[in-house]
Amino acid sequence: MYDLIVIGGGPAGYLAAERAGHAGLNVLLIEKRSLGGVCLNEGCIPSKALLNSAKMYDHALHSEKYGVTVEGAKLDHAKVVERKAKVVKTLVAGVGMKMKANKVTVVDGEAVITGRVNGGFGVKVADKDYEGAKLLIATGSVPIVPPIPGTKEGLETGYVMTNREILDMTEVPGKLVIVGGGVIGLEMASYFATAGSKVTVVEMLDKIAGPTDNEISNLLLKELQKKGIEFKLGSKVVGIEPDGVLYEKDGKTEKVPSDKVLMSIGRRANTQGLNAECLGVKINRGAVKTDDRGQTNVLGVYAAGDVNGVSMLAHTAYREAEVCINNILDKKDIMRYNAIPSVIYTSPEVAGVGETEESAKAKGIDYICKKLSMRYSGRFVAENEGGDGICKILVDKKFNKVIGVHMIGNYSSEIIYGAGMMIETELRVEDIKELVFPHPTVSEILREVIFEF
Ligand code: NAI
């Protein structure tokens, strides 16, 4: 019997297996597709490889304002996709090596829970049975495929794509319609607009980027419009036709022409076919319910990552996995969700952590907000000719503690963890004023804004 069986080899599963193996547990990891899960194979990493090529191309196109002349700059999409595949292959192999180094047994195939056996849990892969004293469910999430007419047929022919197919497409479509202006939709819009597509994003809400701070979301909208991306806001997609996407706006149905369609209207926890019900594991609208230690209602059965439906982000999954393993090892640890950064890797980048003005108001928190243009950072000005952005900080009036930081402007993705640390460690404004930031860095913008308080 294994000490622990981990089902799913994405960020939650592979990190849990690594930590547990490192602590000396005898671990079995079962993965049906490829180690690394969605994040490594068809999400975070491959999309960043594409976006980096777009950034380089964009730099080449606009290099003259920096005193550099580049002639004949060209983005070869097929080559970009080829490089992306290489990056993914390297990193997937790296995960495999980590499993080996931590003596984790990896089995390829789809796991089905069979029930309780010998005081532990039974799991079947094809016709082979395994037993584990503890079980960790880390089966991730799948794209939501809405019952919008034409979607199913479009997915079958390849005309409609999800995050998986779009990252492998070797040609740049002339007209790309993106359904959903969330994170996936915006990152792909950013890449394909630079690569040469006429991109239209159709979004049901009146804003893009979902829970992002409204002011930042509006600034991002303007920046993306400048790149030629068209947005249909307050527009609900109601049909997919072979030559276009139908949407409803103000009671009227209109059509936007398309050569390809990306369906990115969110993801749902993946528990189908797992048979967790046979153990009596509580599942709420497809997601496994867990407590703050990652344990389900069944003693010894844990869940981490997208499958719990709480915060569908790889970095949340990492931490949830650690919390599960620490509890399995009898070390006290609980999951906190108040300081989880979120990043949108568009150009410009957007990053935020903690309360937004909207969420603070909704919770009745008495806060003060101060903000500055990113141009208060010398390095930002030196490296972003004609570019701008903002950084805003929210401070709880009562305790004088930072409760939210939101930024738009490049390097935000690399800076936001520092803001997360301020929130997590409950730093007060006066504590942060004593911190020394390296100069010149864009991160100094945090220090500039803090001195506004
Ligand atoms: P999302 O939840 O971010 O956005 C989906 C959008 O689709 C929403 O704005 C929603 O209003 C809209 N929508 C829904 N139905 C619609 C309809 N019929 N017509 C028009 N609009 C409609 O979902 P997305 O972008 O698919 O991303 C899925 C998950 O992947 C997210 O949970 C995200 O956290 C994760 N992700 C994170 C990234 C990052 O951290 N940089 C990058 C990519 C994905």
Side-chain angles (χ1 to χ4, degrees), residues 10-12 37-52 140-151 154 160-167 177-191 200-212 214 217 220-221 231-240 245-249 253-256 258 261-270 286-287 305-318 337 340-353 408 412-414 416-417 420:
V38 170
C39 168
L40 204 41
N41 294 282
E42 54 203 41
C44 325
I45 299 294
S47 59
K48 261 74 280 168
L50 260 59
L51 285 162
N52 184 55
S141 63
V142 290
I144 294 175
V145 177
I148 296 173
T151 305
V160 177
M161 302 170 290
T162 67
N163 58 293
R164 178 175 295 165
E165 297 79 29
I166 197 166
L167 289 165
V177 174
I178 297 182
V179 186
V183 225
I184 295 182
L186 296 176
E187 290 185 358
M188 288 299 99
S190 194
Y191 174 78
T200 309
V201 177
V202 188
E203 167 57 53
M204 197 162 69
L205 305 176
D206 288 324
K207 68 175 281 203
I208 57 166
T212 305
N214 278 352
S217 148
L220 177 64
L221 177 70
F231 287 88
K232 310 275 184 200
L233 298 184
S235 304
K236 188 175 177 202
V237 170
V238 290
I240 309 286
V245 170
L246 298 174
Y247 63 93
E248 266 176 20
K249 187 175 167 70
T253 304
E254 300 196 31
K255 185 168 169 174
V256 52
S258 56
V261 178
L262 169 66
M263 193 56 75
S264 51
I265 60 157
R267 302 182 64 86
R268 61 171 175 80
N270 178 28
D306 286 11
V307 74
N308 67 20
V310 181
S311 151
M312 293 195 172
L313 296 166
H315 43 280
T316 306
Y318 283 149
Y337 291 96
I340 293 183
S342 65
V343 175
I344 310 176
Y345 296 83
T346 40
S347 184
E349 294 175 351
V350 166
V353 59
I408 177 167
S412 298
S413 61
E414 294 291 345
I416 202 68
Y417 85 94

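The first residue of the sequence shown is numbered 1, and numbering continues consecutively from there. Both ligands and their constituent atoms are indexed starting at 1 by order of listing.
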Practice item. Go through the side-chain N and O atoms of Ser217 and Thr212 and say whether any donor and acceptor fall under 3.5 Å apart. Key: no
Check your understanding: For atom 21 (N) of ligand 1, what is the nearest protein heavy atom, given as residue, atom name and distance?
Key -> Met204 N, 3.1 Å
Revision key, fill the gap. The closest protein heavy-atom partner of atom 31 (C) of ligand 1 is Val183 CG2, 4.2 Å
Exercise for review: Ignoring hydrogens, just give me the one of Ile184, Val343, Thr162 whose non-hydrogen atom is nearest atom 27 (O) of ligand 1.
Suggested key: Ile184
Review point. Which atoms form the tightest heavy-atom contact between Ala317 and Gly305, and what is the distance?
Key: CB-CA, 3.7 Å
**Study point:** Contacting atoms of ligand 1, where contact means under 4.0 angstrom from a heavy atom of Leu205
**Key:** 11 (O)
Exercise for review: Assess the side chains of Ser412 and Glu349: does a donor N or O sit below 3.5 Å from an acceptor N or O?
Suggested key: no
Practice item. Would you mind reporting whether Leu167 and Met188 have side-chain heavy atoms less than 4.5 Å apart? Key: yes
Check your understanding: Tell me, do Val261 and Met161 make a side-chain contact under 4.5 Å, heavy atoms counted?
Key -> no
Check your understanding: Do Asn41 and Arg164 have side-chain atoms, one donor and one acceptor, less than 3.5 Å apart?
Key -> no
Exercise for review: Look only at interatomic distance and state if Met312 has a nitrogen or oxygen under 3.5 Å from any nitrogen or oxygen of ligand 1.
Suggested key: yes
Exercise for review: Among all protein heavy atoms, pick the one closest to atom 7 (O) of ligand 1 and tell me residue, atom and distance.
Suggested key: Gly180 CA, 3.3 Å
Point to revise | Option whose closest heavy atom lies nearest to atom 12 (C) of ligand 1, chosen from Lys48, Met188, Lys232, Glu203 | key: Glu203
Study note, to complete from the structure: When rounded to the nearest 0.5 Å, the distance separating CE of Met204 from NZ of Lys249 is 13.0 Å
Study note, to complete from the structure: Near Tyr345 (heavy-atom distance under 4.0 Å), the atoms of ligand 1 are 41 (N)
Study note, to complete from the structure: Closest to atom 23 (O) of ligand 1 by heavy-atom distance, out of Ser235, Gly266, Gly182, Ser413, is Gly266
Practice item. For atom 37 (C) of ligand 1, state which one of Ile265, Leu313, Val237 supplies the nearest heavy atom. Key: Leu313
Point to revise | Distance-only polar pair, side chains of Glu165 and Thr162, donor-acceptor under 3.5 Å | key: yes
Exercise for review: Please confirm whether Gly210 comes within less than 3.5 Å of ligand 1 when only nitrogen or oxygen atoms on both sides are compared.
Suggested key: no
**Study point:** Note, Val256 side chain near Tyr247 side chain (heavy atom, < 4.5 Å)
**Key:** yes
**Study point:** Ligand-side contact atoms (ligand 1) for residue partner Glu187, heavy atom cut-off under 4.0 Å
**Key:** 41 (N), 42 (C)
Check your understanding: In ligand 1, which numbered atoms sit nearer than 4.0 Å to a non-hydrogen atom of Val202?
Key -> 20 (C), 21 (N)
Check your understanding: What atoms in ligand 1 come closer than 4.0 Å to a heavy atom of Arg267?
Key -> 28 (C), 29 (C), 30 (O)
